[in-house]
Asker: 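Dropping the structure in here first, questions after.
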Amino acid sequence: AQAPVSAPTYAYVAPVVNNTPVMDQTPSVKEYVAPMMDSPVFTTEKYANVAINAGTATVEAQEVKEDVQAPVAPVYSVAGAMQVEESFSLTTRAKMVLGAVAATFVLMFSMVGINTQIIKNNAKQIKNLEKVRKQLMEKNEELQTRIEMAQSEETIREYALSQGMIEG
């Protein structure tokens with residue numbers, strides 16, 4: 001009953017994707033980039049292979065080995081990479097903010113257009129009123145000259161004599 005309990009032994013087990021070779025070490029940059037420089041980056045054939053293999057990737061568990069000396073490097077494949085998709089869409093709040101900003105700009109531009117039209121109409125009315133004022137000032141000058149002429153003594157004398165009045 002008093003026997004010592006041995007501590008459990010744990011080891012790191014990396015998931016392995018079917019049909020993927022296990023690499024002992026990660027490749028250096030030169031080893032990875034050199035073959036890729038001569039090949040096209042993305043072709044329709046690669047896309048077809050990725051689309052086919054995307055649904056067939058499975059993960060298998062390995063047995064735990066107690067005498068693991070070197071850490072096992074994680075294994076990656078094209079099919080595994082297809083499972084992680086990044087989304088760059090806007091959030092609902094960002095869409096609402098952008099919509100509000102766009103609506104504000106539309107409202108401001110429409111107000112500028114309406115105010116410009118009102119200013120143009122007022123300018124036309126002012127020009128028309130200036131023309132009418134000029135005509136009325138000319139008519140006023142004409143009436144002032146007629147009043148001065150009608151009030152002159154010579155005009156009054158001629159009018160009185162034409163009406164049969166006698167000079168006193």
Asker: Return all side-chain donor-acceptor pairs below 3.5 angstrom for residues 108-136, not counting sequence neighbours, or 'none' if the list is empty.
Answerer:
| unit_1 | atom_1 | unit_2 | atom_2 | d |
| --- | --- | --- | --- | --- |
| Ser110 | OG | Val106 | O | 3.2 |
| Ser110 | OG | Leu107 | O | 2.7 |
| Asn115 | ND2 | Met111 | O | 3.4 |
| Thr116 | OG1 | Val112 | O | 2.7 |
| Asn128 | ND2 | Lys124 | O | 3.4 |

Asker: Give the other cluster members for Met137, using side-chain heavy-atom distances under 4.5 Å between Ile, Leu, Val, Met, Phe, Trp and Tyr residues; answer none if it is isolated.
Answerer: none
Asker: In the hydrophobic clustering that connects Ile, Leu, Val, Met, Phe, Trp and Tyr at side-chain heavy-atom distances below 4.5 Å, which members other than Leu98 occupy its cluster, ordered by chain and number?
Answerer: Leu90
Asker: Checking side chain to side chain contact (heavy atoms under 4.5 Å, CB included) against Leu161, which of Glu158, Gln163, Arg157 comes through?
Answerer: Arg157
Asker: In a table with atom names and distances, give each donor-acceptor pair under 3.5 Å that connects a side chain of residues 146-156 to protein atoms at least two apart or in another chain.
Answerer:
| unit_1 | atom_1 | unit_2 | atom_2 | d |
| --- | --- | --- | --- | --- |
| Ser152 | OG | Met149 | O | 2.9 |
| Ser152 | OG | Thr155 | OG1 | 2.8 |
| Thr155 | OG1 | Met149 | O | 2.8 |

